[in-house]
Amino acid sequence: MRKLAKAIAVGAVVVPVVLGGAAVASADSGPGYGKADNSATIYGGSSSHTLSGFKDGKAYFLKVSKTANSTGATGNATGSHS
């Protein structure tokens with residue numbers, strides 16, 4: 001009985017890992033990572049976005065930030081792709 005329970009436990013762990021690995025290896029589009037931060041106060045506001053992943057089989061990275069207050073506004077962007 002212990003061997004059967006152990007085999008079921010191992011199978012429950014191994015099958016999702018193998019299937020998940022195959023799905024990741026075949027994926028060629030969609031963001032792999034995304035994060036957004038936004039804030040606003042009476043003194044101003046800021047926004048930042050970071051994205052990275054694969055689209056059409058090519059890697060990309062993008063980071064954008066924007067800030068505004070009573071004395072002006074600024075924005076920065078950095079991006080790359082293969």
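The structure displayed is predicted, hence computed values, not measured ones.
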For Asn76, the side-chain contact (heavy atoms from CB on, under 4.5 Å) test, sequence neighbours excluded, returns Ser65
In short, salt bridge (charged side-chain N to carboxylate O under 4.0 Å, His left out) pairs touching residues 38-51 with sequence neighbours left out are none
Across all chains, not counting sequence neighbours, the side-chain contact (heavy atoms from CB on, under 4.5 Å) partners of Ala68 are Ala73
| message | For the backbone of Thr71 and the side chain of Asn69, can you confirm whether one donor and one acceptor N or O come within less than 3.5 Å of each other? | response | yes
query = Are side-chain heavy atoms of Phe61 and Leu51 found at a separation under 4.5 Å?
reply = no
Contacts of Thr78 meeting side-chain contact (heavy atoms from CB on, under 4.5 Å) (sequence neighbours excluded), chain-then-number -> none
Mind listing the side-chain donor-acceptor pairs of residues 34-45 below 3.5 Å, one per line with the distance, residues two or more places apart or on another chain?
{"from": "Asn38", "atom 1": "OD1", "to": "Ser47", "atom 2": "OG", "distance (Å)": "2.8"}
{"from": "Ser39", "atom 1": "OG", "to": "Ser46", "atom 2": "OG", "distance (Å)": "2.9"}
{"from": "Thr41", "atom 1": "OG1", "to": "Tyr43", "atom 2": "N", "distance (Å)": "3.1"}

In terms of heavy-atom contacts, Phe54 and Tyr60 come closest through N-CE2, 3.6 Å
Taken in chain and number order and not counting sequence neighbours, the residues that satisfy side-chain hydrogen bond (donor to acceptor under 3.5 Å, both in side chains) with Thr67 are none
Residues passing the side-chain hydrogen bond (donor to acceptor under 3.5 Å, both in side chains) test with Thr74, sequence neighbours excluded, are none
side-chain contact (heavy atoms from CB on, under 4.5 Å) filter on Lys66, not counting sequence neighbours, yields Val64
